[in-house]
Amino acid sequence: MITVTSRQMRSIDATAINKYGIPAGILMENAGIETAKDIIKTRKYISKPVAVFCGSGNNGGDGLVVARHLFNNNFNVEIFLAKPAVAFKTDSLINYNSAKKLGIKIRKYSKAIDLSKYGLIVDALLGTGTKGEITGIHKEIIEKINLSKKPVISIDIPSGLDADSGKTLGAAVKALKTITIGFVKKGLVTKAAKPYVGKLTVAGIGLPRLAELEGLI
């Protein structure tokens with residue numbers, strides 16, 4: 001199994017985008033599609049609403065793609081934003097606007113949200129670039145998700161885990177399954193990460209097969 005650091009993964013993404021001309025939006029779309037496929041294939045969670053928690057970065061953009069594809073497959077989806085929509089940029093903003101135009105329920109997270117009615121939570125809050133102590137709204141959301149005891153699927157990495165060491169950054173989502181993107185991040189297979197990662201699977205997103213040959217791994 002190939003494992004990568006967060007820095008190596010950024011280099012692989014940058015090479016795919018800048019050298020091979022694969023748009024970042026395509027990589028985001030593929031990440032979201034593969035995650036959504038994993039949820040859709042059993043249809044286990046179609047009978048209850050699915051809550052998708054999105055941060056304002058690329059991980060949140062992946063979550064917005066997931067929400068769109070679940071919605072298009074007749075899932076009852078609601079998106080909760082950690083920050084106001086104005087925080088979205090580039091491809092994440094495109095996917096936010098698409099979800100909004102489709103009529104998917106989107107609202108800003110608040111303490112009053114009751115997660116008891118949801119059958120599944122999709123964690124797209126924080127990605128592999130997260131460093132430093134988790135505080136504020138992100139910590140509050142992570143703690144609320146964990147207290148809900150609902151099954152959670154994390155995109156790329158459980159929010160709040162360090163992608164390289166696998167240690168928690170003060171608070172981390174406890175996932176039933178983690179669908180990591182492209183390659184397994186080194187931190188996900190550490191002893192420290194085990195209670196948070198759950199079942200680990202890898203989603204291929206169309207990265208060049210030359211990554212290993214070019215010394216990126």
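Residue numbers run from 1 in the order of the sequence given.
- Note that SG of Cys54 is 13.5 Å distant from NZ of Lys83, once rounded to the nearest 0.5 Å.
- One hydrophobic cluster, built from ILVMFWY side chains closer than 4.5 Å, holds both Ile2 and Ile12.
- Cluster annotation: Leu176 and Leu126 are assigned to distinct hydrophobic clusters (Ile/Leu/Val/Met/Phe/Trp/Tyr, side-chain heavy-atom contacts under 4.5 Å, transitive).
- Applying the side-chain contact (heavy atoms from CB on, under 4.5 Å) rule to Lys37 yields the partners Ile33, Glu34; only residues at least two apart in sequence or on another chain are considered.
- For the side-chain contact (heavy atoms from CB on, under 4.5 Å) test, no residue two or more places apart in sequence or in another chain qualifies with Ser47.
- For Lys100, there are no salt bridge (Lys or Arg N to Asp or Glu O under 4.0 Å) partners at least two apart in sequence or on another chain.
- Side-chain contact between Ile39 and Val66 is present, with at least one heavy-atom pair separated by less than 4.5 Å.
- In plain terms, the two heavy atoms of Ala163 and Ser6 that are nearest each other are CB-CB, 4.1 Å.
- Between Ile17 and Ile22 the shortest side-chain heavy-atom distance does not fall below 4.5 Å.
- When atom types are taken as modelled, the side chain of Asp123 and the backbone of Ile153 share no donor-acceptor pair closer than 3.5 angstrom.
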Sequence neighbours excluded and cut-off under 3.5 Å, please list the side-chain donor-acceptor pairs for residues 70-78, or say none.
residue	atom	partner	partner atom	Å
Asn72	ND2	Arg68	O	3.4
Asn73	ND2	His69	O	2.8
Glu78	OE1	Arg107	NH2	3.3
Glu78	OE1	Tyr118	OH	2.9
Glu78	OE2	Lys117	NZ	3.3
Glu78	OE2	Tyr118	OH	3.4

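- The list of salt bridge (charged side-chain N to carboxylate O under 4.0 Å, His left out) pairs with a residue in residues 136-165, not counting sequence neighbours, reads Lys131-Asp162, Lys131-Asp164, Asp156-Lys185.
- Grouping the Ile, Leu, Val, Met, Phe, Trp and Tyr side chains by contacts below 4.5 angstrom, directly or via other members, places Met9 apart from Leu169.
- Partners of Val189 by side-chain contact (heavy atoms from CB on, under 4.5 Å), not counting sequence neighbours, listed by chain and number: Met1, Thr3, Val184, Leu200.
- Contact between Asn146 and Ala172 at its shortest, heavy atoms only, is ND2-O, 2.9 Å.
- In the hydrophobic cluster analysis, where Ile, Leu, Val, Met, Phe, Trp and Tyr join through side-chain heavy atoms closer than 4.5 angstrom, Leu115 is grouped apart from Ile106.
- With hydrogens and angles disregarded, a donor-acceptor distance shorter than 3.5 Å links the side chain of Thr35 to the backbone of Ala31.
- Across every non-hydrogen atom of Ser92 and Met28, the tightest pair is OG-CE, 3.6 Å.
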**OP:** Could you go through the side chain to side chain contact (heavy atoms under 4.5 Å, CB included) check for Ile121 and Ser148 one step at a time?
**Re:** CA-CA 10 Å; Ile121 293 171; Ser148 75; 3.6 Å; yes
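- Rounding to the nearest 0.5 Å gives a distance of 7.0 Å between CD1 of Ile145 and OG of Ser159.
- Taking the side chain to side chain donor-acceptor pair (under 3.5 Å) definition, one finds that Ser110 meets it with nothing, sequence neighbours left out.
- A donor-acceptor pair is defined here as one N or O able to donate and one able to accept, closer than 3.5 Å; no such pair exists between the side chain of Thr168 and the backbone of Ala171.
- For the pair Asn18 (side chain) and Tyr20 (backbone), a donor-acceptor distance under 3.5 Å is absent.
- The stretch residues 2-13 participates, sequence neighbours left out, in no salt bridge (charged side-chain N to carboxylate O under 4.0 Å, His left out) pair at all.
- Sorted by first and then second residue, the salt bridge (charged side-chain N to carboxylate O under 4.0 Å, His left out) pairs involving residues 167-177 (not counting sequence neighbours) are Asp38-Lys177.
- In this structure, Leu188 and Pro158 have side chains that are in contact, with non-hydrogen atoms separated by less than 4.5 Å.
- Taking the side chain as every heavy atom from C-beta outward, Leu207 and Phe183 approach each other to under 4.5 Å.
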Subject >> Derivation of the side chain to side chain contact (heavy atoms under 4.5 Å, CB included) call for Thr128 and Thr130 >> reply: CA-CA 5 Å; Thr128 58; Thr130 307; over 6 Å; no
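- Proximity of Leu161 to Val197: side-chain heavy atoms (C-beta onward) are separated by under 4.5 Å at one or more points.
- With a 4.5 Å cut-off on side-chain heavy atoms, Ile155 and Ile179 do not count as touching.
- Rounding to the nearest 0.5 Å gives a distance of 10.0 Å between OG of Ser56 and CG of Leu125.
- Residues passing the side-chain contact (heavy atoms from CB on, under 4.5 Å) test with Pro23 are Ile26, sequence neighbours excluded.
- For the ring-ring contact (aromatic ring centres under 6.0 Å, His included) test, no residue two or more places apart in sequence or in another chain qualifies with Tyr196.
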**OP:** Start with the C-alpha gap between Asp91 and Asn58, add the side-chain angles, then the distance that decides, and say whether side chain to side chain contact (heavy atoms under 4.5 Å, CB included) holds.
**Re:** CA-CA 8 Å; Asp91 298 303; Asn58 288 337; 5.7 Å; no
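- Residues Ile134 and Gly160 come closest through the heavy atom pair CG1-CA, 4.1 Å.
- When side chains are defined from C-beta on, Val52 does not count as touching Phe80, because their heavy atoms never get closer than 4.5 Å.
- At a threshold of 4.5 Å between side-chain heavy atoms, the hydrophobic network of Ile, Leu, Val, Met, Phe, Trp and Tyr places Leu81 and Val122 in one connected group.
- Residue pairs that meet the salt bridge (charged side-chain N to carboxylate O under 4.0 Å, His left out) test with at least one member in residues 56-67, sequence neighbours left out, do not exist here.
- Side-chain atoms of Ile79 and Phe53, non-hydrogen and from C-beta on, never get closer than 4.5 Å to each other.
- Checking side-chain atoms of Asn30 against main-chain N and O of Ile205 turns up a donor-acceptor pair under 3.5 Å.
- With hydrogens and angles disregarded, no donor-acceptor distance shorter than 3.5 Å links the side chain of Ser98 to the backbone of Ile94.
- The two residues Lys108 and Ile113 make their nearest non-hydrogen contact at O-CD1, 4.3 Å.
- Taking each heavy atom of Val50 and Tyr45 in turn, the nearest pair found is CG2-O, 4.0 Å.
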